[in-house]
Amino acid sequence: MVNIKSQSEIAKLRKAGQITGGALVAAGKAIRPGMTTKELDNLILKYFKSHGAKAGFLGYGGFPGAACISVNDVVIHGIPGGYVLKEGDIVSVDTGAYIDGVYGDSAKTFAVGEISDEAKALMKSTEDSLYLAISMVKPGVRLGDIGAAIQKHNEDNGFGVVREFVGHGVGHDLHEDPEVPNFGKPGHGLRLREGMVIAIEPMITAGDHAVKVLDDGWTTVTKDHSLAAHFEHTIAVTATGCMILSDPNS
Ligand code: MG
Ligand code: MG
């Protein structure tokens, strides 16, 4: 069942989203070669605490970090730990504040120092496809229209679109209906309505789109070990378009 959010719920979701976006800005400023992914996670946890929020991901389904920190061929759900970031890595940080009974959810892939042209192109394609999707959102647009646009943009650039994991509704639960795929057919799927709050989150690979989950039950890597990027915003559908809830500057 897809929940339609009230104005007061959307205001709370915006607060959670802005704290989430702020944590990603802080993470981006701190990322450098020599830092462990656990240090990065601790920085995000402290950011949430100092803004009166809890780390929505910590303990969610048993996840052991405040953020999913996914390096290079890790697509999503990387567990923060002792890995030391090095020049040339790309690192996807996916996190969410929990405050006033609702979640934020946003992700961004960052460069560690100087990165390859392939990594730059992958990150640009993934981020551009997120903003392309956001530009399409308004009442009446179908989820298949959005998924197809994300898929076409990235496949035209020669990249793979992950199928096994998708975007989702956001609210009092981190993952609500509907599913928001990054692939699809125009003219198919649920029609967006004013008051829906969804996370759009393209997960894109430099090689084949197939992924596998490692034995820890979380870490999701590309099967061919190609690089992966992940950009995500939580948005609210408005009467005429949408509002990005997880943009700290919105
Ligand atoms: Mg996320
Ligand atoms: Mg999400």
Side-chain angles (χ1 to χ4, degrees), residues 2-3 5 13-28 37 40-41 44-45 47-48 53-71 74-80 90-99 102-110 123 126-127 129-131 133-134 137 143 146-147 150 161-183 190 192 196-205 211 213 218-220 228-237 242 244-248:
V2 177
N3 292 315
K5 269 71 177 184
L13 284 156
R14 189 174 190 194
K15 184 174 172 187
Q18 289 190 330
I19 295 170
T20 303
L24 287 178
V25 170
T37 55
L40 188 54
D41 192 67
I44 290 167
L45 185 60
Y47 186 95
F48 287 153
K54 289 184 174 167
F57 289 17
L58 187 59
Y60 183 87
F63 188 77
C68 300
I69 302 182
S70 305
V71 181
V74 183
V75 186
I76 51 167
H77 299 168
I79 297 172
I90 60 171
V91 56
S92 300
V93 181
D94 185 358
T95 194
Y98 181 75
I99 186 167
V102 297
Y103 288 88
D105 193 5
S106 188
K108 185 169 184 174
T109 302
F110 299 95
M123 286 168 56
T126 309
E127 185 169 28
S129 73
L130 171 60
Y131 284 99
I134 288 170
V137 170
L143 289 175
I146 289 169
I150 293 171
V161 178
V162 171
R163 307 294 201 273
E164 287 90 338
F165 296 90
V166 296
H168 50 90
V170 183
H172 297 286
D173 285 316
L174 178 56
H175 296 112
E176 299 186 350
D177 288 339
E179 289 195 342
V180 181
N182 300 303
F183 52 91
L190 184 81
L192 294 176
M196 286 182 184
V197 173
I198 56 172
I200 303 176
E201 49 177 315
M203 292 157 255
I204 307 301
T205 68
V211 298
V213 179
W218 288 104
T219 311
T220 301
H230 180 205
F231 285 81
E232 174 180 29
H233 271 310
T234 300
I235 61 103
V237 183
C242 74
I244 303 178
L245 301 177
S246 51
D247 182 346

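All values below were derived from every heavy atom in this structure, side-chain atoms included, with hydrogens, water molecules and symmetry-related copies excluded. Atoms within a ligand are numbered from 1 in the order they appear, just like the ligands themselves.
Judged by distance alone, the side chains of His168 and Asp105 do bring a donor and an acceptor atom under 3.5 Å apart.
Inter-residue side-chain proximity for Leu245 and Ile235 is flagged as unmet; no heavy-atom pair is nearer than 4.5 Å. Ile198 has its side chain within reach of Pro178: a pair of non-hydrogen atoms, C-beta onward, lies under 4.5 Å apart.
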Output a table of donor-acceptor pairs, distance under 3.5 Å, between side-chain atoms of residues 54-66 and any protein atom two or more places apart or on a different chain; print 'none' if there are none.
{"residue": "Tyr60", "atom": "OH", "partner": "His175", "partner atom": "ND1", "Å": "3.0"}

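Protein N, O or S atom count below 2.8 Å of the Mg ion (ligand 2): the structure gives 4.
The residue from Val213, Thr219, Thr220 that alone fulfils the side chain to side chain contact (heavy atoms under 4.5 Å, CB included) condition with His77 is Thr220. For the side chain to side chain contact (heavy atoms under 4.5 Å, CB included) with Phe110, the lone residue among Val93, Leu40, Ile90 that qualifies is Val93.
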